[in-house]
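Reading through the structure tokens given below for one structure.
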Protein chains: 2
Amino acid sequence: MSKAIPEPVTKLIDAFSRLPGVGPKTASRLTYYLLRAPDDVSLKLSDALRDLKAQTRFCSVCYNITVEDPCQICSDPRRDHHVIAVVEEPLDVLAIERTGSYDGVYHVLHGAISPVNGIGPDDLRIRELVKRVQEGGALEVIVATNPGLEGDATAMFIQRELAGKGVKVTRLARGLPVGGDLEYVDSVTLTRALQGRGEL
Amino acid sequence: MSKAIPEPVTKLIDAFSRLPGVGPKTASRLTYYLLRAPDDVSLKLSDALRDLKAQTRFCSVCYNITVEDPCQICSDPRRDHHVIAVVEEPLDVLAIERTGSYDGVYHVLHGAISPVNGIGPDDLRIRELVKRVQEGGALEVIVATNPGLEGDATAMFIQRELAGKGVKVTRLARGLPVGGDLEYVDSVTLTRALQGRGEL
């Protein structure tokens with residue numbers, strides 16, 4: 001075994017295996033791919049990994065990933081700082097930014113409450129959100145957690161924590177996805193769409 | 001867009017995306033996982049990637065991945081240097097070593113002939129194999145390429161190249177996998193098992 005695989009190779013297989021969704025087979029496949037690929041493929045990845053933590057940090061206001069602190073969104077005077085969209089992940093910020101229809105600011109929780117995975121409110125940036133609201137300025141908190149069990153539990157928790165703090169707490173609308181087909185929509189979504197029906 | 005994702009993050013997503021089987025979604029997921037994971041997860045991966053090419057090379061005899069040249073198998077006097085097992089990938093060497101029932105040496109082709117993927121005989125270490133056989137010493141070449149279309153084509157090519165060079169060319173036996181269930185074996189394998197049947 002030790003004769004057949006040199007140590008630099010097993011080390012990389014081990015390091016890849018620590019990534020989520022990467023098993024030992026995928027880790028071997030990636031490693032042997034890189035052995036044959038041009039040097040710059042592995043070196044660029046190596047450099048990018050080294051720079052990731054060295055050059056980024058969490059914004060001290062919204063906890064999004066950023067190079068400068070506070071982040072470009074939090075320090076942008078053209079954004080509406082009275083409205084805070086609370087999301088689970090940095091990628092959710094990107095999704096909302098892509099719509100081009102939101103000009104408020106964000107608060108990134110870095111996860112959702114999930115008893116199964118041992119993630120409680122204290123593991124998320126909820127305390128920081130409450131503090132941010134208490135310090136004033138916010139008029140509305142839009143809870144934009146994912147529309148599922150964990151996102152809902154997180155939304156309920158946040159709503160309770162912010163109750164009586166003089167801020168409006170709203171949640172993204174549930175309903176039919178645009179372009180979706182009624183026939184294929186799951187019944188929970190359809191029920192929500194019926195409950196949330198609006199006048200034409 | 002540029003506001004929502006800092007450059008070190010997009011750079012890592014790009015670098016991950018260049019790996020085979022890793023799309024932009026998986027690349028984002030891995031990157032954001034690493035952002036939250038302890039520093040040493042990304043740093044260990046970064047170091048392992050940097051060391052992979054710097055500390056390994058191809059064995060000048062068998063073209064397996066190695067730290068020393070020639071590799072530990074090629075320089076081991078207890079191995080039978082008259083028998084060469086020809087495999088497609090370094091991982092195949094490992095598979096054969098694990099059986100503990102082979103004491104010959106290896107020759108790693110680094111692929112198989114695949115016109116679909118534009119891989120011809122010249123892209124593999126076949127010329128080096130022929131040269132190695134011509135230089136003498138080898139009595140048997142066991143073609144241990146994968147039992148599929150490309151492995152078969154490669155085996156046929158090697159057989160033709162080595163014909164008349166005074167070396168016995170053999171191929172791994174086809175048949176029922178041990179522990180397999182006759183009911184679920186595909187008919188090509190079953191046909192091969194029938195054709196290759198032996199006396200009890």
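Side chains are part of it too, since the values below use all heavy atoms of this structure and drop only hydrogens, waters and symmetry mates.
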Under 4.5 Å to a heavy atom of chain B? For A:Leu43 that would be side chain
Verify the neighbour count for atom CG of A:Leu149: are there more than 12 heavy atoms of other residues, nucleotides or ligands below 6.0 Å?
no
Rounding to 0.5 Å, atoms CG (A:Asp40) and NZ (B:Lys53) come to a distance of 9.0 Å
Against chain A, work out which of B:Val22, B:Leu19, B:Ile13, B:Asp47 has the most heavy-atom pairs shorter than 4.5 Å and name it.
B:Leu19
Over all atoms of both residues, closest heavy-atom pair of A:Ala48 and B:Ala15:
CB-CB, 4.4 Å
What part of B:Leu35 lies closer than 4.5 angstrom to a heavy atom of chain A: side chain, backbone, both or neither?
both
side-chain hydrogen bond (donor to acceptor under 3.5 Å, both in side chains) against B:Ser114, all qualifying residues, sequence neighbours excluded
B:Asn117, B:Glu150
Going only through I, L, V, M, F, W and Y residues with side-chain contacts under 4.5 Å, is there a path from A:Ile158 to A:Leu139?
no
Identify, with sequence neighbours excluded, every residue that meets side-chain hydrogen bond (donor to acceptor under 3.5 Å, both in side chains) alongside B:Arg36.
A:Glu89
Give, as side chain, backbone, both or neither, the part of A:Leu45 having an atom under 4.5 angstrom from any heavy atom of chain B.
both
Nearest 0.5 Å, please: how far is CZ in B:Phe16 from CG in A:Leu49?
5.0 Å
Report the C-alpha separation of A:Tyr32 and B:Ile65 in whole Å, then their side-chain angles, then the decisive distance to 0.1 Å, and conclude whether the side-chain contact (heavy atoms from CB on, under 4.5 Å) test is met.
CA-CA 9 Å; A:Tyr32 282 97; B:Ile65 309 293; 4.1 Å; yes
Shared ILVMFWY cluster between B:Val61 and B:Ile73, side chains joined below 4.5 angstrom?
no
Option in B:Gln55, B:Arg18, B:Lys11 with maximal non-hydrogen atom pairs under 4.5 Å from chain A
B:Arg18
Pick whichever of A:Ile96, A:Asp39, A:Thr31 has the most heavy-atom pairs under 4.5 Å with chain B.
A:Asp39
Has B:Arg174 got more than 12 heavy atoms of other residues, nucleotides or ligands less than 6.0 Å from its CZ?
yes
Heavy-atom distances under 4.5 Å only: say whether A:Ala54 touches chain B with side chain, backbone, both or neither.
neither
Out of A:Thr26, A:Leu52, A:Asp51, return the one with the most heavy atom pairs under 4.5 angstrom to chain B.
A:Leu52
Would you find more than 12 non-hydrogen atoms of other residues, nucleotides or ligands less than 6.0 Å from B:Lys165 atom NZ?
yes
